[in-house]
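Right, one structure below, let's go through it.
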Amino acid sequence: MRLAETMKKTLGIGGIGYLNLLKCEQAARLAGVSCRQLSSNGHPKMPPCSFQPEKYESLPYERIVDIRQNNVSPALKTYYQKPLLLHQGHMQWVFDSEGHRYLDLFAGIVTVSVGHCHPKVTEAARKQMDRLWHTTNIYLHSPIHEYAEKLTSRLPGKLKVLYVTNSGSEANDMALHMARLHTGNFDLVGLRTGYHGASPYTLGMTAFAAYKGGVANGFGCYSTMCPDVFRGIWGGSHCRDSPVQTIRKCSCPLGCCEAKDKYIEQFKETLNTCTSKKIAAFIAEPIQGVGGAVQYPKGFLKEAYELVREKGGLCIADEVQTGFGRTGSHYWGFETHDVIPDIVTMAKGIGNGFPMAAVVTTPEIANSYAQALHFNTFGGNPVACAVGSAVLDVIEEEGLQNNCKVVGTYLLQKLEKLRDSFEIVGDVRGKGLMVGIEMVKDKKTLQPLPSDQMNLIWEDCREMGLLLGKGGLYNQTFRVKPPMCITKEDVDFAVDVLQVALTKHMERSST
C-alpha cells in the first residue's frame, strides 16, 4: 500500500479517493505491476544516468516564448501547457533548461533511433564536416556511394537504387510521382488515418482532416477503410502480429481471420468504385504512426498488394517510422507482412535526427524516373551520408534491432497488465518499440477518452519525467516510440509512472 499511502500524503487525497487508490494499487499488483521505487514526492525514481548536462546559458525562457509567439509560424504547435525548453540530450534522455531530466519515449517524433547525440554518429558528422560539408550531385564524393551500397545491401530483391532526400514528405512525394511516371496511371490509394507528409503532393494521401487547409489538394488520391482491429468495424482476439491482442473476441478457426477478409472486401470495393480501371500506386505504413500504432490483421497487406498489382499499380512501403529494426523481428516493417514492395521510403531514424530521408526502388522503376531530369541540392549531402552510414553501423554493432525485440516485448507485456488493471486503458498494441496505448472512456463503449482527460494524464507523466507522444484520429492514443537503446530498467520506470498517473486520474474522476 506504499503507493496509495504516499499519494494520500503528498496529494492530499480524502477517504473515498484513498480507497479507490487502494483498489487500483491492489489490482495493479495482482497484475504484476509494481511501483517498487518511490521518491519522497511520490514519483517513481528514475534509473541512474551518469551524464551531466552543461549549464544552460542561452536565451531566457520568457524571451524564447516571446520570439515563438511573434517570429515563428503559429502553425507549429508545441507540446504541454508549459512547453519544455530542451537544452541537451544523451541517448534515451533529454534535459531542459533548468537541468530536469526526462526519459524520452517519443524520440523527437520517432526520429532519434540510436540515441540522442550518440558518440559514434556525432563523431562521423564532425569528421566529415572537417573534410567536406557540401557538394552536389554533379560531382562524385565517396560518402554517398559508400552509403548507397551499405543501405541497399539491407533491402531484399531488386530494391537496389537509392535516391537521398531531406525529409519523409519529400521522399513520399518522389515515390508517388515515380509511380505515376512508371505506370502511366494516375490514381493513388492509401488507408484512412495514414500519414505520409504535409507537402501539397503527399497531403492527398494523408488521411487526417486536421492537416488539410481547405484548399484543393490530392487530385486522384483515394483513401480506403483502415483495417483497425480494435476500433474498426471488425476485429478479434488473434488478428495482430503482436505479443498483445485486442480485448475483442472472435470465433475464427485457427489460420483464418474474418476481420481480414472483410477489410479486404472493403479494399476491393474502393478499387472497383473510386479509382480508374488501372491505378498508379498503393501506399501504406507497415504499422501506422500518427494514426496511433495501428496494426492490420495478419495477411491483409499481402492480399492488398496482390490486388494493387492486378490493377497495374506499384506498392509503396512507407518505412519512415517503422524502418531500421524498430519492429524488432525484422529490419523493415514490410518484412513482417511477408511482402516486397516496389518502392520503399524512409526518413526520421535514418539519420538519428539529422535531416535526411531516402527512396529505394528497382532499376526498372528508376529508369522510368530518368525520363525527366532529377536534381536535389541537398539530397545526398556528404555530411548526411556520413551520418546515415554511422547510424547503420551502430544499429548492427550495438544489436539495437534485437534490443527492440527484447525490450519492446517486455514493454508490451507490462503494458498489457496495466491495460487489464485500468478501465480507461482500452488497447495496447505494437511490435518492437513501435507501441500505442489507446485510451477510452470505458471498455464497453470504447469511446475515445476526451482530450482534456488525456492531457491531464499526459501532463502528469511529464511532471514525473516521462515524455510520451499522442496520436490517433481523436488524439486518444499515447505513442511510445523511444530511442532503440532503452533498457528494461527504463521500461519499469515508464510503466510505474503511467501507473501513478492513471491512479491519480482515477482519484480526479471519483470526486
Side-chain angles (χ1 to χ4, degrees), residues 51 89-93 104 107-108 110-135 140-156 159-168 171 317 319-335 344-360 378-408 432-434 481-487 490:
F51 179 80
H90 174 72
M91 303 308 285
Q92 63 269 50
W93 304 100
D104 185 5
V110 208
T111 300
V112 178
S113 50
V114 300
H116 288 278
C117 303
H118 190 288
K120 179 161 185 170
V121 179
T122 302
E123 180 58 25
R126 185 179 292 115
K127 281 180 68 175
Q128 185 58 48
M129 290 175 78
D130 285 342
R131 187 180 298 122
L132 179 67
W133 276 42
H134 177 73
T135 180
L140 299 177
H141 62 86
S142 63
I144 191 172
H145 299 86
E146 292 169 5
Y147 184 63
E149 184 177 53
K150 189 181 289 187
L151 178 63
T152 57
S153 71
R154 288 163 167 78
L155 286 147
L159 292 165
K160 298 301 174 191
V161 182
L162 169 71
Y163 298 79
V164 185
T165 65
N166 306 291
S167 72
E319 292 277 354
V320 169
Q321 296 194 28
T322 51
F324 301 96
R326 178 165 288 280
T327 61
S329 63
H330 296 79
Y331 205 83
W332 304 107
F334 66 78
E335 293 175 306
V344 182
T345 61
M346 53 196 82
K348 291 188 179 287
I350 191 174
N352 199 46
F354 195 91
M356 68 180 296
V359 178
V360 178
F378 296 107
N381 175 282
V383 179
C385 291
V387 166
S389 189
V391 168
L392 296 179
D393 290 343
V394 171
I395 291 170
E396 184 172 341
E397 292 166 5
E398 299 186 5
L400 295 185
Q401 180 184 331
N402 186 61
N403 192 63
C404 287
K405 181 179 180 179
V406 173
V407 177
L433 289 174
M434 185 84 176
K481 296 150 186 188
M484 299 191 298
C485 57
I486 69 161
T487 66
D490 298 329

Next on the checklist: Looking at Arg326 and Met434, would you say the former's side chain and the latter's main chain have a donor-acceptor pair under 3.5 Å?
Outcome noted: no
Checklist outcome for this item: Heavy atoms of Gly89 and Cys117 approach each other most closely as O-SG, 3.5 Å
Next on the checklist: Under a 4.0 Å threshold between the charged nitrogen and the carboxylate oxygen, would Arg154 count as salt-bridged to Glu396?
Outcome noted: yes
Checklist entry - Once you round to the nearest 0.5 Å, how far does CG of Asn402 lie from CD1 of Ile395? => result 13.0 Å
Checklist outcome for this item: Residues Ala358 and Ala171: closest non-hydrogen pair is O-CB, 3.7 Å
Item to check | OG1 on Thr122 to NZ on Lys127, rounded to 0.5 Å | outcome: 13.5 Å
Next on the checklist: Working to the nearest 0.5 angstrom, can you tell me the gap between Lys120 NZ and Glu398 CD?
Outcome noted: 8.5 Å
Checklist entry - Asp104 side chain to Pro483 main-chain N or O, any donor-acceptor pair under 3.5 Å? => result no
Checklist entry - What distance separates Met346 CE from Glu319 CD, expressed to the nearest 0.5 Å? => result 7.0 Å
Next on the checklist: How close do Phe354 and Val387 get, counting heavy atoms only, and between which atoms?
Outcome noted: CB-CG1, 3.8 Å
Checklist entry - Given side chains that start at C-beta, do those of Leu433 and Pro482 come closer than 4.5 Å, heavy atoms only? => result yes
Checklist entry - What's the spacing between Leu151 CG and Glu146 CD if we round to 0.5 Å? => result 13.5 Å
Next on the checklist: Assess the residue pair Leu162 and Tyr147 against the criterion (side-chain contact (heavy atoms from CB on, under 4.5 Å)); give the C-alpha distance rounded to whole Å, side-chain angles, the decisive distance to 0.1 Å, and a yes or no.
Outcome noted: CA-CA 9 Å; Leu162 169 71; Tyr147 184 63; 4.0 Å; yes
Next on the checklist: Do His118 and Asn352 pair up side chain to side chain, a donor and an acceptor below 3.5 Å, judged on atom types alone?
Outcome noted: no
Checklist entry - Checking side-chain contact (heavy atoms from CB on, under 4.5 Å) for the pair Phe334/Leu155: CA distance, chi angles, key distance, verdict? => result CA-CA 11 Å; Phe334 66 78; Leu155 286 147; 4.2 Å; yes
Next on the checklist: Can a side-chain donor-acceptor contact be found between Gln92 and Asp490 if the only test is distance below 3.5 angstrom?
Outcome noted: yes
Checklist entry - Should the ring pair His145 and His141 be called parallel, tilted or perpendicular, given that the plane angle runs from 0 to 90° and is split at 30 and 60? => result perpendicular
Next on the checklist: Test your reading of the model: is there a side-chain donor-acceptor pair from Ser113 to the backbone of Gly349, 3.5 Å cut-off?
Outcome noted: yes
Checklist entry - Applying the side chain to side chain contact (heavy atoms under 4.5 Å, CB included) test to Arg126, which of Met129, Glu123, Gln128 qualifies? => result Glu123
Item to check | Gap separating the OG1 atom of Thr135 from the CG atom of Leu140, nearest 0.5 angstrom | outcome: 9.0 Å
Checklist entry - Closest approach of Val114 and Met91, non-hydrogen atoms and distance? => result O-CE, 3.5 Å
Item to check | Any Phe378 side-chain heavy atom under 4.5 Å of Met356 side chain | outcome: no
Checklist outcome for this item: In short, Thr345 meets Val359 closest at the heavy-atom pair CG2-CG2, 4.3 Å
Next on the checklist: Checking Val394 against Leu400 for the side-chain contact (heavy atoms from CB on, under 4.5 Å) test, could you report, in this order, the C-alpha distance in whole Å, the side-chain angles of both residues, the deciding distance, and whether it holds?
Outcome noted: CA-CA 8 Å; Val394 171; Leu400 295 185; 4.2 Å; yes
Checklist entry - Is the closest side-chain donor-acceptor distance between Ser389 and Lys150 under 3.5 Å? => result yes
Next on the checklist: Given 3.5 Å as the limit, does a donor-acceptor pair link the side chain of Lys160 with the main chain of Glu149, or not?
Outcome noted: no
Next on the checklist: Tell me the closest heavy-atom pair linking Ala386 and Pro143, and the distance in Å.
Outcome noted: N-CB, 4.3 Å
Item to check | Non-hydrogen side-chain atoms of Met484 and Gln401 separated by less than 4.5 Å | outcome: no
Checklist entry - Hey, what's the ring geometry for Tyr331 with Phe324, parallel, tilted or perpendicular (30° and 60° as the breaks)? => result perpendicular
